[in-house]
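Values below: all heavy atoms of this structure, side chains included; hydrogens, waters and symmetry mates excluded. Residue numbering restarts at 1 for every chain, and letters A, B, ... go by the order of the sequence lines.
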Amino acid sequence: MMILPSVAEIGPLVAFAAILCALMLGAAMLLTLWRIARGPSLPDRVVGLDLVALLAVSVIGLLALVHHEAAFLDAALALALVAFLSTIALARYAVQRPRSGSRPERPEEEQP
Amino acid sequence: MSITLSDVVVAFLLLSGGFFSLVAALGVVRLPDVFIRMHASTKAGTLGGGLIMAAVAVELWDAGVTARVIAIIAFLLLTAPIAAHIIGRAAYRIGVPLWEASVVDEWRGREDPAPPEELDTGPQRPTQPLPPPASGSVQG
Amino acid sequence: MILFMLNLCLAVGWGFLWSDFSLSNLLAGFGAGYLALLASRPLYGHSRYFGTVWRALALAVYFLWDLLRSSIKVAWDVVTRRHLSRPGIVGVPLDARTDGEILLTANLISLTPGTLSLDVSGDRKTLWVHAMFIDDPDTLRRDLKNGMERRVLEVLR
Amino acid sequence: MDVLLALLAGLLTAAAVWLLLDRSLVRVLFGLALLGNAANLVIFSAGRLTAGAPPIVPVGAEAPLETVANALPQALILTAIVISFGLFAFALALVHRAHKDLGTADIDALHDAEPSPHADPHHSTPETGR
Amino acid sequence: MAAAAHPSKAPPWFGPAFALPPAIAALLFALLLPTVSGGTAHEWTLAWAPELGVELAFRVDGLSLLFALLVTGIGAATMLYAGVYMKEHPRIGRFFLYLTLFMISMLGLVLADDAIALFVFWELTTITSFLLIGFTHDDPTSRRNALQALLVTGGGGLVLLAGLLLLGMEAGTLRLSQMDGAAVQASALGTAMAVLVIIGCFTKSAQFPFHFWLPNAMSAPTPVSAYLHSATMVKAGVYLMARFAPVFGDMAVWVWSLTVAGALTAVIGALWALRQTDLKQMLAWTTVMALGTLTLLLAGSESVSIAAAMTFLVVHALYKATLFLVVGILDHDAGTRDRRQLSGLLKAMPLTAAAAMLAAGSMAGFPPFLGFIGKELTYEGALALTALPWLSAVGLVLASACMVAVAGMIALGPFLGRERRSVAEHPHDPPFGMLIGPILLAAMGLAFGLAPALISGSIVQPAVVAVMGGPAEVKLVLWHGVNVPLMLGLLTFAIGIGLYVFRHRAIAAVDAVVTRLPTTGDAVYDRSLTGLKWLAAAQTAVLQCGRPRVYLAATVAVVAVAVLATLVVGGGLRWPAGNPTPDLLGVAAVVVAAAGTVLVVLTPSRLAAIGGLGMVGTAIAVLFLMHGAVDVATTQFLVETLVVVLLAVAMLRLPPLTRLPPRPRGTAVRDGLIAGAAGLMVTCVLLAVLAEPFDRRVTDFFEAASWPEAYGRNIVNVILVDFRALDTFGEIAVVAVAGLGAYALLRNDRVVPKAPADSLILRTALRGLAALLLVFALFMLLRGHNEPGGGFIAGLIAATAFALVTLGHGVDKARRAVGATPRAVALGGLALALAAGLAGLFSGGAPFEGLWMFLGGDPAAGDKGTPLSTVLLFDIGVFLVVVGSVLAIVFALEEEA
Amino acid sequence: MSPAMLLTLPIAVPLAAAIAAFFVGRAGGPQAARWVSVAGSAALLVVSLALMAEVWAVGPIAAQMGGWAAPFGITLVADVLGAVMVVITGLSGLAVALYAVADIDPARSRLGWHPLYMVLLAGVSGAFLTGDLFNLYVWFEVMLIASFCLLVLGGDREQLDGGLRYVFLNLVATVMFLSAVGLLYGLTGTLNMADLHVALKQVDSPALVTTIAILFVGAFGIKSAVFPLFFWLPASYHTPPVAVSAIFAALLTKVGVYALIRMFTLVFTQDVDYTHGLLLVIAGLTMVTGVLGAAAQTQMRKILSFHIISQIGYMVMGLALYTPLALLGAVFYLVHHIIVKANLFLVSGVAKRMTGSFELERIGGLYRAKPWLAVLFLIPALSLAGIPPLSGFWAKLVLVRASLEVESWLIAATALVVGLLTVFSMSKIWVEAFWKPHPDGDAAVTVTAPTRLETVMLVTPIVLLAAVTVIIGVVPQPFLDLAARSAAELMAPEAYVRTVLGAAP
Ligand code: NA
Ligand code: NA
C-alpha cells in the first residue's frame, strides 16, 4: 500500500501533514460511527450524522489538496450545502412522533 | 525539494484541522450529554473543516479555489449553528435528559406550547432530570 | 453595499489592468480599490461603508478567535479524564429584534466558547442558551449581551 | 485498489442480501439502498480505476493531456444512481403506503396477495378434477 | 323454465335445412364412386404453411370415400332426426352449429392427405365432441364426462402429433399417400413412430386400455351418440390405422398391438354391453366391441382381413346409428332408456320397432342382413391374421355371441311382452323426421345384405385397395359355402341365443367377474387426475409458498450458486494485479464503508441504520472522487442526502425494527449462507474481470471527440447529454414516473401536512440559503457541459433547496415557491428533453444530435464563442424532471396523512 | 421515412402520448386522458407497422443516436424480431388501451394511470429496439418503474401486497442485470451488442464469458419468469385491474424472453453446449412447474398467470434448441402468446364483471347467458392450448418438430404433455365459469359495464385480438415467413452486426 496516491504533486512536509490529517479524519469518522451506533437518544445519532457530513467535507478538501484537483471542491461544496438538509430532516424526525390513535407505536428502540 | 513558507502554513493548517476534527469526534463520543456533545461537533468540527479548507486554498492558491473555499467555510459557519439549534431544541422537546451534573435549567417550565402536530404526540416527557426550582439559582 | 460592489469592480478592473486574475492580484486589487475609494470619500456622501469594513473585520477576527478558544476548551474537556464543565441552560434576554439580527446573534453565540443557542422563545424576547461553564448565570448573560450581541448589532445597525 | 473495491462490493452485496431477507420491510429498504451501491462499485471498478484525474478536457486543449479516469463508467453510474434513486423513492413510498393500509411492515404478516391455503376460507376443489 | 325463457321452438325446417348439405355432399361423393372404384384418386391441394411443408391436401381414394359417405350419409340422417329430437331445446342453434362443425372436421379428417392437416381436423373433432358431450352442461356428470373424453382423446392426439411429425421427418414428406413404408420401417425410429401413431388411434377409437371414455360420452344427446360416438368420430382411429396399414403394417409392434388390443377390446366391450340396463350404455359398449373388432382385423396383412374390416365398418355404421336413434326415440317418446322398464311398445310404436328389429338383425349377424356377410368375413379375416389367428377368432366368436344376446335385449325387450303404462302416458311413433333416418339406415342393412354387390365393388373393394396399397379382390356374398367361418357363425348363434335366454344368469356371471376386477379405466383416470392435482398442489405449496422471503432467498441462491459454480468449475477464478496501488485515504474510505455496512446490518435503531447508510454512501462517494469521478461523487452525495431525507420523513410513520424478533438460528444460517454466496459471487466475478486486459477504445473516442466534436470539456457530461443522451432520456423518464408513482401511492384526499420545523432561526436562515442553493443549482446547470455539474446535479441541488423550504416553512409555502405542480414540472421537463432530442431528427439529422449555435467567438483564434444548443435544452429538461419528481415525492410524503 | 425516424418514433410516440395524457388529464378531466392512450397506442401501432414494412423490405436497419457512430454512441436497430415485437407491442397496447377506457376507473385515471401506461409501452418499445446493452437496462427500468406504478395504482390491500412481492424481486433482477452489464463492459470495453458479438470473439477467457452469460440468464430469467425464478409473477399478476394484468401478461415477461433471445444468439454463443443446454433444462422445468402451478389454482387470473410461466418455457425451449426451426418457433410463440394471453386476461375481466368474481367456485353460467363471450374465450383458450387451427397450434407444432429434429425426445415429450395439461387448465375454466350454472342462479350473471360505450370498449379489443389469433391460425404462412426470416437473422447475426457497425467488422 502506498500512503499517498502516486499522482501527488505536494511537498514532503505537506505530504506528511496530509497523512496525519487523513489518519485523524479516518479515526474521527470511526469514532463518530460509534456514537451513531451507540445512541442512546435520537438527537445523539443526529449529532453524529451531522458530524459525518462535516468530516466528509474535510476529507474531500484533503483529497483536493493531495490530488491538486480544484474540481473536487465542487463536490465538497455540494455536500456542504445539502448535508444541512438531512440534519434538519433527521432532527425533525426525532422530534415528531406519530399522532396518538393513528399508530400506537413510537420509535421505542431509542430511549428519549 | 525545499520546504516553502506556504508548505509550512499548509502543513500547520492541515494538522490543526485534522486535530480539531478528531477532537470534535472525540467530544461527540466522550462528552456526557447530547447538548455538551453538540458543543464539540459544532465548534471543533467546523473549525477543523474550516482549517482544512484554508489549507486547500493556500496549497492550490487560485481565485476559483479560494472562492469555493470561502463559500464552503461560510456555509459551514452559517449552517452548523442552525443544525445545532434544530437538534438541540428537538432533544430538549422530546425530553433527552441533561447530564446529571448540570447546574441550571432556566428553560424548564417556560417552553413554548408545542405546535398542534406535536401536541397530541405520544406521552410527554415523564420526568425532569433536574429538581425544581427552575429559577436562575445556581446549585452547588 | 453599493460601495462594496464598486470596490469589487475595482478589484476586477485591477485584474484586467494586469491581465492577471490570480487570487493574490485580485486581493491586491481589492486593497487598492479600497484605498482609492477611501481617498475619494467625500464623493459618496455620508457612507458607513468604510467603517463597516473595519467593524466587520473586527467581528470576524473576534469571532474566529472565540471559535478557536472554544474549540481548545472543548478539546481540553474532551481529552482530560474528568469532565470539568458545569453545564446548564440559561435564558438570555434579546435586544435583537429583526429576524436577521436574531439569527446572526444566535449563530455567533453558538460558535463562541461554551455556549450554544438552543431556541428562541415564541415572543422572541429570550434566547435559550446551553452553556458548558456556568459559574453564575447572570454573569454569563451579561457577557453574552455585551460581547457577541453588541458587536452584531453594531455591524448590522 | 480495485481488489479492495471488489471486496467491498462483495461485502455490500452480502449485507444487502442479508437485509433483503429480513422480515422488516424497513430493513429491506436498507438492503435495496446498499445493493444499488454495490452495483455502482462493480461498474466503476470494472471500468478500471485511475487515481485522481477527472475526465475533463483542460481549457486550451483538444483532449485530455494526461491519462484521465475512464469517463464512460462514470456516466453509466450517474445514470444508474439516478435510476436507483427513483426506484428507491418508489419502493419507500410503497412500503409507507403498504404499512398504512396493511397495518404491518412485517413481510411474514402479508397474506393478501397469496393467502396461505389453510387460511383461505374459499379454498376447495372444483368439480372438474374429480 | 328454459323453454319459457326461449318461447320460440326451432322451426320445422331446421333439421331438413341442416340435413340438406350433407345429403348433397353424400350424393356428390356417390358420384365419385365410379372413378374411384376404377382406381383413380382425386386430389385437391392448397398451400397452407409452405414454410413447414404443410399443405391443405385432400385426396379421395377408396378408403376416404367410404368414410366420407358414412360421414355425410349418416350425418344427413342424424340432422334430420335431431331437428325433431332437439326441437324443444333452447340452444338448438348451437347444437346444429357444433354438429355441422363436427361433420366438416370429420370430413376433413378422412379426406386429408397431409399429416398435419389430418391432425388439425383430428383435433377439431375432439373439440366439437367435447362441446357436444357437454351439451347438457347443467349436469355435473356431463361436464365431467366431456372433460374426460377431451383429455383422453386430446392426449392421444398429442401423441399422434409426435408420431406424425417423426413420420414426416423420416419419410421426407407429410403427404400420407407418398409415404414410403419400407423407408419408414427401416428407420431407427420406426417402432417409436408406430407406437405413437397407435396410441393416438387407440385413444380416439376407444381401444383397451383407453376405452373407458366412450361409454361415459353417452351423456351427450342421443343424436350425438349415434353420429359421433358410434358411426364416425370413434372410427377416426380405425380410419387412421387403415390409412397407415401400408406404412406400418409389416411391423411386429403394429401387428401385435392391434391384435391384442383389438381382441381384448372386442371381448371387454361385448361382455360389458351385456350387463348394462341403460340401452344407450349398452349400445356404447357394443360400439367398443365393434371398434375392437375393427382394430383386430386391421392387424391383418391379408386382403380378406381388410375386406372384413371395411365391410364390418359399413355394417356397424348402419345398424348402430339406427339403434342409437331408436333408443333416442324410446327415450324421447317412451320416457326412459332403462331396458327393465321398457316392454310391450310394439303396438304403440310399430315403425320404431321395425327399424329396431331390422337393425338388430344385422347386428346379430342373421342372414340375410349385411351383418351376416360381415360376420362371416370377420371370422375369415380373423383366421387370416398373422398373430394369434385362432385365439382372435375365439374371442370374436365370444364377442359376437354377446352381440346376438344384446341385439335381442334391444330389439325384442322393449317391444315385446306386456305393455307398461308407468313410463309415459301415450307412447307413440315419433314424427316422420325422426323415423326416416333409422328406417332408411336399417333398410340399407337389409338391402345391402340381399344385394351385396351394391357395395362390394363400388365401396368396399376400393377401400381395401387403398388400405392394401395394391390391387385386391373383394367379393361379398351371402353364401360362402360350408367352411370354418360358417361353423363359427353357427356356434355364435347357438351361444348367443343361449346367452339371451339365460341372460340373467349370464349377466350375474359377468357381474361377478367385473366386481372382482382390481380397477377400471374410469377409476384409473380419476386417480390420475387426483394424483395430478395432488402433485400440482404439493409442487405449488413448495414453490409458490406465499412467503416473499423464501422467494427472494431461492432466487438469489440459485443465481449465486449457478454463477459461482460456472466460474469455479470452468476454472475462471483469477486474481488481478491490483491497480492502482491502494493509498491510505482509499483504505480508510473502504474501512469506513465497511464499518457503515456493519452498522446498518447490526443496529436495532432505524436512525443508526440510516446513519450507517449515509456513511456507506459517503465513503463510496469519496472512493469515486479519489478516482476522478467528480460528477458521480457529487451526485452520490446529493442522492444520499435525499435518501436520508426521504427515509427520515417516511420513517415517522414506519414501525421500529425492534418490533420483530431476530430471525431464528436456522433461518439466520440459511440467509447468511445465501448472502455470503451472493457477495462471493460479486467479488469473484469482478476479480476475474479485473484480471483481464481492458479495451479502452470507446473511452478513447469520447476523450478525443468530446471537445472538438461535441463542444464540451466535461467528458462525463458530454456522454450524458450527447454521446449517450438516450440513456439519460430513459433515465429521466424513470425519475418522472417514480415521481408520478410515489405521488399516486401517497396521495390522500385528506391532506394533513406535517408541521414545519417551527423555528424562527431556521426560517430566517432559509430565506437566504434557499436562494443561494437555487443560484448554485443554476450555476451547476449552465456550466455542466464543461466542468462538473449538469442537469442532474443542478436538479438535485434545486430540489434540496425546495425541500429545505418545505421543512422550514411547510409544504404550502414550498408549493407556492415552486409555482407549479411538481409533476407538471417533471413532465414538462420530459417534454422539453424529448423535444430537444427530436429536434435533431426533425431537422434532418439523427435523434439526440445536438443543434449548435455560437454567439460571438473568433474561429480564427480557435474560440468558438458562447454555445447555445439543443443539448443545453436537453439538460434543462433533465433539470426540470429531477426537480419536479423529487419534489412530487417530498411533498406527497409530507402531506401524507 | 428515414430509418432514424422509423426507429425513434416507436419510443417517442408513446412518450409524447404519456406527456400529453398527463396534461390533457389535468386540463380536460381524468377521463379525457383515456383517449390519449388510445390514440397513442394506435399511433404506435401505425409507426411500428411502417417500421416492420421497412425492415421487411430492406433487412435490418439502424440509427445512430446523436449521429455518433457505433459502438461509441447508442444505436437503435431493428431486425425482423425487433420490428415484430414492436408491432405486437402496438397491437396489444392498443387492445388494452381500448379495454382500459372502460376498465380503468376515474380515480385511477386521476392518479395518472394513462401516462404511466404509455410510458410502459415506450419502455417496452425501447427495449425491443435498442442495440446497446446499457440502454437496454435503461429501457428495462423505464418499463419496470411504470409497471410498478400501474401494479399498485389506486391499490387495495391485495394490490399493495402483490406490489411488494413484485417490486422487491424485480429490483433484485434489475441490480443483477446492471452488474452483469458492468462486468461485461469490464471484460470487453464495449456496450454495443453488435460490437460485443465481435469483441467476445477476441476475449480469451471462456470460463469468465460463460460465467457472465449465466449471470445474464439469472437476470433475464427473473424478468421472464423461468423456473426457479418465477415466484414474483404468480404472486402479483392477479392483483391489479384487468387491463394491467393483461398488458403485463402480454409484454413484460416477453421483454425478458426477447432479451434472452437477443443475448444468446448475438452475444453469448461461445459455449452453446453449456449455456443453451442449461436453458433447455430451465425451459423444460419451467413448462412443467408452470402448468402444474396452474393446475393447483382455482382462480381465473392465477391460472392464467401460471400459464404465462409454462408458456415462457416453450419460448425458452425454442431459444435453447438453437436451430433455425426452433428459433422460428420461439419467435412465433412470442407473437402468438402476447396476443392470446392478453386476450385471456381481458376475457377473464369481462367474465368477472358479469359473474362477480375471478374465483371459479363462485361463478358460472356464462355459457348460457353470454354465448358470444364463450366464443371469445374459446378462441384464445384453445389457441393457448395449442388446438388447431389457431395460432398456438403452429407455435407448438414448430417447437415440437424442432425438438424432434435434434432428437431432444425428452423436451418434445415435455412440450406435448404440458400441452395436454394446458388443455386441462383451459377446460377447467371453461367448465367452471361457462358450463357450470352460477351458484347464485344464472340470473346472477349480469351486464358488463354501466354504459353501452363501455361495454363496446370492453369487447372490441377482445374481438380484435381473437380475430388476429384466428387469422394467424388459418393463414399462418405470412407469420411463419416472418418468424423464419427472424430466425435466420438470429442464427446468422452478421447482417445485424454489419448494419449496426457500418463497415464489415
Ligand atoms: Na407475461
Ligand atoms: Na399454458
R574(E) versus S205(F), side-chain donor and acceptor atoms under 3.5 Å: no

Pairs flagged by salt bridge (Lys or Arg N to Asp or Glu O under 4.0 Å) wherever residues 544-566 of chain E is involved - sequence neighbours left out: D108(D)-R549(E)

Residue pairs meeting salt bridge (Lys or Arg N to Asp or Glu O under 4.0 Å), one or both in residues 686-695 of chain E, sequence neighbours left out, come to D695(E)-R697(E)

Check whether A295(F) gets within reach of chain E through its side chain, its backbone, both or neither, counting any heavy atom under 4.5 Å. both

Would you check if L543(E) and F230(F) make a side-chain contact, meaning some heavy-atom pair closer than 4.5 Å? yes

Contact origin within L161(E) toward chain F - heavy atom pairs under 4.5 Å: side chain

Any idea which of L397(F), V398(F), T210(F) has the most non-hydrogen atom pairs under 4.5 angstrom with chain E? L397(F)

Side-chain heavy-atom pair V737(E), L116(F) within 4.5 angstrom cut-off: yes

Please evaluate residues T8(F) and F842(E) with respect to the criterion side chain to side chain contact (heavy atoms under 4.5 Å, CB included), reporting the C-alpha separation (whole Å), side-chain torsions for both, the decisive distance (0.1 Å), and the verdict. CA-CA 11 Å; T8(F) 313; F842(E) 284 104; over 6 Å; no

Where does Y137(F) contact chain E at under 4.5 Å (heavy atoms): side chain, backbone, both or neither? neither

Between L189(E) and chain F, which part of the residue has a heavy atom less than 4.5 Å away: side chain, backbone, both or neither? side chain

Under 30°, 30 to 60°, or over 60°: which ring-plane class applies to F231(F) and Y551(E), parallel, tilted or perpendicular? parallel

I'd like to know if the side chain of W48(E) reaches the main chain of V474(F), judged simply by a donor and an acceptor atom lying under 3.5 Å from each other, with no hydrogens or angles considered. yes

Apply the test side chain to side chain contact (heavy atoms under 4.5 Å, CB included) to residues R724(E) and F134(F): give CA-CA distance (whole Å), side-chain angles for both, the deciding distance (0.1 Å), then the verdict. CA-CA 10 Å; R724(E) 297 186 64 90; F134(F) 187 81; 3.4 Å; yes

Which bit of L745(E) is near chain F, if near means a heavy-atom gap under 4.5 Å: side chain, backbone, both or neither? side chain

Using non-hydrogen atoms and a 4.5 Å limit, figure out which bit of D132(F) sits close to chain E: side chain, backbone, both or neither. side chain

Among V217(F), L153(F), D195(F), which has the most heavy-atom pairs under 4.5 Å with chain E? D195(F)

Looking only at heavy atoms and a cut-off of under 4.5 Å, which of I74(F), L191(F), I214(F) has the most pairs with chain E? I74(F)

Nearest 0.5 angstrom please: T188(F) OG1 to F694(E) CZ, how far? 8.0 Å

Side chain, backbone, both or neither of V54(E) within contact of chain F (heavy atoms, under 4.5 Å): side chain

Are R91(E) and Y367(F) in a cation-pi contact, defined as NZ or CZ under 6.0 Å from the six-membered ring centre and within 45° of the axis? no

Would you say P50(E) and L480(F) make side-chain contact, with heavy atoms under 4.5 Å? no

Ring geometry between F701(E) and W68(F) (parallel below 30°, tilted from 30 to 60°, perpendicular above 60°): perpendicular

Sort L382(F) into side chain, backbone, both or neither according to what part of it lies under 4.5 angstrom from a heavy atom of chain E. side chain

Given heavy-atom pairs under 4.5 angstrom as the criterion, report whether the side chain, backbone, both or neither of E141(F) touches chain E. both

Pick from G73(F), P234(F), A484(F): which one has the most heavy-atom pairs with chain E under 4.5 Å? P234(F)

Can you check whether F22(F)'s main-chain N or O pairs, donor with acceptor, with R823(E)'s side chain at less than 3.5 Å? no

Residue L278(F) versus chain E: region with a heavy atom under 4.5 Å: neither

Is it the side chain or the backbone of V558(E) that comes within 4.5 Å of chain F heavy atoms, both, or neither? side chain

Interatomic distance, T211(F) atom OG1 to L567(E) atom CG [nearest 0.5 angstrom]: 4.0 Å

So, taking the atom named CG in L404(F) and the one named CE in M193(E), what distance separates them when rounded to the nearest 0.5 Å? 11.0 Å

Please flag which part of T728(E) lies under 4.5 Å from any non-hydrogen atom of chain F: side chain, backbone, both or neither. neither

Is L830(E) close to chain F through its backbone or its side chain, or both, or neither, when contacts mean heavy atoms under 4.5 Å? both

Between F130(E) and chain F, with a heavy-atom cut-off of 4.5 Å, which part of the residue counts as in contact: side chain, backbone, both or neither? both

Tell me, for A16(F) versus chain E, whether the close heavy atoms (under 4.5 Å) come from the side chain, the backbone, both or neither. both

CG on L166(E) to CH2 on W409(F), rounded to 0.5 Å: 5.5 Å

How long is the span from the CD1 atom in I19(F) to the CG atom in L834(E), to the nearest 0.5 Å? 5.0 Å

Inter-residue atom distance E731(E).CD - W139(F).CH2, 0.5 Å rounding: 11.0 Å

Side chain, backbone, both or neither: which part of T566(E) has an atom under 4.5 Å from a heavy atom of chain F? both

Which one, F434(F), F479(F), W394(F), Y274(F), leads in non-hydrogen pairs under 4.5 Å with chain E? W394(F)

For W430(F), which of L147(E), L131(E), L150(E) qualifies under side chain to side chain contact (heavy atoms under 4.5 Å, CB included)? L131(E)

Do you know which of D727(E), L690(E), V559(E) has the most heavy-atom pairs under 4.5 Å to chain F? D727(E)

Show your working on side chain to side chain contact (heavy atoms under 4.5 Å, CB included) between L421(F) and L532(E) and close with a plain yes or no. CA-CA 10 Å; L421(F) 293 176; L532(E) 171 71; 3.7 Å; yes

Parallel, tilted or perpendicular: which describes the rings of F72(F) and F702(E), with under 30° parallel and over 60° perpendicular? perpendicular

So, the part of A710(E) with a heavy atom under 4.5 Å from chain F: the answer is both

Stepwise, does the side chain to side chain contact (heavy atoms under 4.5 Å, CB included) test hold for V689(E) with I212(F)? CA-CA 10 Å; V689(E) 167; I212(F) 294 176; 4.0 Å; yes

Quick check on the interface: out of W232(F), F168(F), Y185(F), W113(F), who has the most heavy-atom pairs with chain E under 4.5 Å? Y185(F)

Would you say the side-chain atoms of Q539(E) pair up with the backbone N or O of T289(F), donor to acceptor, closer than 3.5 Å? yes

When you look at CH2 of W534(E), are more than 12 heavy atoms from neighbouring residues, nucleotides or ligands closer to it than 6.0 Å? no

